[in-house]
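Everything quoted here is computed from the prediction, not taken from an experiment.
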Amino acid sequence: MDLKIKKSLMLHWKLVMLSLTMLSLASCGGDKEEEKPAVADAPVYTLVFLDKTQSVHVDKAYVNDKYRQALTDIIETNMKNKGDKLEVYFIHENTSKARALSLTVRSEKDNTEGSSATDREGIETAFQLSLQKEKSIYLRQLLAKLNQQNTGASNQSTDIWASLPVIAKAGESGSEVKVYYFSDMVESVKGPDRRDFHIKPPKSDSEAETDAKEDVKQLEKYAIGSPQVTIVSPFEPTASSKENNPHVTHYWSTLFQELGGVSVEEL
């Protein structure tokens with residue numbers, strides 16, 4: 001073979017091998033994503049509305065047991081990190097002004113960057129012990145509010161609409177907002193342009209939807225955002241539709257859907 005041709009072939013082969021090596025290295029480098037610093041989750045802002053009107057009887061064993069368990073679950077699920085907040089409001093004739101309790105997680109986990117596995121485990125254990133101590137205190141305070149009786153005249157009215165500005169204000173914090181109504185949700189307020197479901201409850205889902213869409217016109221001024229809304233009802237599974245009117249629940253589901261596309265879960 002001609003010497004020039006042989007040298008040319010060898011040079012071409014070296015260039016091919018070099019190109020393949022560079023491609024391989026580039027491929028390996030592409031598989032490794034650039035590490036990004038962890039972004040802390042937004043704090044959880046929990047609002048608990050406890051119905052303190054005469055239609056809800058927390059002294060009944062079924063109601064008390066159900067509500068105690070639900071409150072225990074809320075503390076365990078929502079109070080996990082420093083800054084997580086829980087506020088309790090009493091539902092009665094002056095709901096928006098009836099804040100009964102405000103709790104914020106103070107426990108903070110030490111920085112584990114550069115720590116050994118043993119040290120990280122110790123830091124995590126210390127944080128969890130501190131957090132559980134806080135949650136135990138908070139639960140006792142929460143259950144005390146659950147059992148607190150309202151014997152005043154304010155128990156004659158149930159102003160659930162007044163919870164909406166409270167929810168809107170919580171949303172301004174930038175936190176993830178979770179709302180829990182411990183109530184039969186029977187809105188009962190005297191006066192023009194108000195609902196009194198004790199006197200005139202919705203008789204069908206269609207009527208409930210019509211009422212809710214009409215009420216949204218005066219309630220849409222409250223920008224409630226997209227909270228998670230849960231109704232913890234006081235009714236036993238065997239309760240009749242006369243006692244546990246399903247159209248009342250449908251009213252609230254429609255109202256929250258119209259206000260901000262919010263879905264309502266019922267427990």
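Residues passing the salt bridge (Lys or Arg N to Asp or Glu O under 4.0 Å) test with D73, sequence neighbours excluded: none. Take S206 and apply the side-chain contact (heavy atoms from CB on, under 4.5 Å) test, not counting sequence neighbours, and it matches S204. Applying the ring pair (Phe, Tyr, Trp, His ring centres under 6.0 Å) rule to F197 yields the partners Y251; only residues at least two apart in sequence or on another chain are considered. The side-chain contact (heavy atoms from CB on, under 4.5 Å) check on S173 picks up Y45, S175, with sequence neighbours excluded. Here K217 pairs with E214 under the salt bridge (Lys or Arg N to Asp or Glu O under 4.0 Å) rule; sequence neighbours left out. Listed by chain and number, the residues in a ring pair (Phe, Tyr, Trp, His ring centres under 6.0 Å) with Y89 are F49 (sequence neighbours excluded). Every residue two or more places apart in sequence or in another chain was checked for a salt bridge (Lys or Arg N to Asp or Glu O under 4.0 Å) with K66, and none qualifies. Residues forming a salt bridge (Lys or Arg N to Asp or Glu O under 4.0 Å) with E76 (at least two apart in sequence, or on another chain): K135.
Other residues, nucleotides and ligands contribute over 12 non-hydrogen atoms within 6.0 Å of the NZ atom of K190.
The only member of E134, Q141, R140 that meets side-chain hydrogen bond (donor to acceptor under 3.5 Å, both in side chains) when paired with Y138 is E134.
The closest donor-acceptor contact from the side chain of D84 to the backbone of V44 lies under 3.5 Å. Side chain of S136 to backbone of K133: no donor-acceptor contact under 3.5 angstrom is found. With hydrogens and angles ignored, the 3.5 Å screen pairs a side-chain donor or acceptor of Q218 with a backbone N or O of D193. No side-chain donor-acceptor contact under 3.5 Å links S130 to the backbone of A126.
Closest heavy-atom contact between V186 and T158: O-CB, 3.4 Å. When all heavy atoms are compared, the tightest approach of L164 to L219 is CD1-CD1, 3.9 Å. Contact detail for F127 and K80: the closest heavy-atom pair is CZ-O, 3.5 Å. Taking both residues in full, the closest heavy atoms of N245 and P202 are given as ND2-O, 3.3 Å, listed atom of the first, atom of the second, then distance. The two residues N244 and A239 make their nearest non-hydrogen contact at CB-CB, 4.3 Å. Scanning all heavy atoms of the two residues, the minimum distance from A42 to E176 falls at CB-N, 4.5 Å.
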Stepwise side-chain contact (heavy atoms from CB on, under 4.5 Å) test for V262 and I224: CA-CA 9 Å; V262 178; I224 64 171; 4.2 Å; yes
Criterion side-chain contact (heavy atoms from CB on, under 4.5 Å) on L143 and R68, from CA distance to verdict: CA-CA 7 Å; L143 294 178; R68 285 174 64 92; 3.7 Å; yes
Candidate pair E266 and T230, rule side-chain contact (heavy atoms from CB on, under 4.5 Å), full reasoning: CA-CA 6 Å; E266 186 175 13; T230 303; over 6 Å; no
Test side-chain contact (heavy atoms from CB on, under 4.5 Å) applied to L71 and L146, step by step: CA-CA 9 Å; L71 291 171; L146 170 66; 3.9 Å; yes
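Counting only residues at least two apart or in different chains, salt bridge (Lys or Arg N to Asp or Glu O under 4.0 Å) contacts with residues 218-239 are absent. Residue pairs meeting the ring pair (Phe, Tyr, Trp, His ring centres under 6.0 Å) criterion with at least one member in residues 198-237, sequence neighbours excluded, do not occur. Residue pairs satisfying the side-chain hydrogen bond (donor to acceptor under 3.5 Å, both in side chains) criterion with at least one member in residues 178-189, sequence neighbours excluded, are listed as follows: D51-S183, S55-D184, N78-K178, N78-Y180, S163-Y181, E187-R194, S188-D196. For residues 52-77, every residue pair satisfying the ring pair (Phe, Tyr, Trp, His ring centres under 6.0 Å) rule, not counting sequence neighbours, is listed here: Y67-F182.
Rounded to the nearest 0.5 Å, atoms CE (M79) and NZ (K85) are 10.0 Å apart. Q69 CD to L267 CG: the interatomic distance, rounded to the nearest 0.5 Å, is 11.5 Å. Interatomic distance, K109 NZ to L131 CG, rounded to the nearest 0.5 Å: 10.0 Å. Distance check, rounded to the nearest 0.5 Å: CG of L139 to CD1 of I75 gives 6.0 Å. Going from atom CG of D59 over to atom CG of N64 covers 8.0 Å, rounded to the nearest 0.5 Å. Distance check: K169 NZ to E87 CD gives 9.5 Å after rounding to the nearest 0.5 Å.
Under the 4.5 Å side-chain heavy-atom criterion for grouping Ile, Leu, Val, Met, Phe, Trp and Tyr, V56 is connected to I74 within one hydrophobic cluster. Neither V189 nor I160 shares a network with the other; the hydrophobic side chains, linked directly or stepwise wherever heavy atoms of I, L, V, M, F, W or Y lie under 4.5 Å apart, form separate groups for each. Hydrophobic cluster membership is shared by V166 and L255, with clusters built from Ile, Leu, Val, Met, Phe, Trp and Tyr side chains linked at under 4.5 angstrom. Cluster annotation: I91 and I231 are assigned to the same hydrophobic cluster (Ile/Leu/Val/Met/Phe/Trp/Tyr, side-chain heavy-atom contacts under 4.5 Å, transitive). Using a 4.5 Å cut-off between side-chain heavy atoms of Ile, Leu, Val, Met, Phe, Trp and Tyr, with links allowed through other members, V63 and L142 fall into the same hydrophobic cluster.
Using a cut-off of 4.0 Å between Lys/Arg side-chain N and Asp/Glu carboxylate O, E108 and R106 are scored as not salt-bridged.
You'll find the side chain of D205 reaches within 4.5 Å of the side chain of H250, heavy atoms only. Side-chain contact between Q149 and K52 is absent, with no heavy-atom pair separated by less than 4.5 Å. S263 places a side-chain heavy atom less than 4.5 Å from the side chain of Q257. Using a 4.5 Å cut-off on side-chain heavy atoms (C-beta onward), H247 and K203 make no contact.
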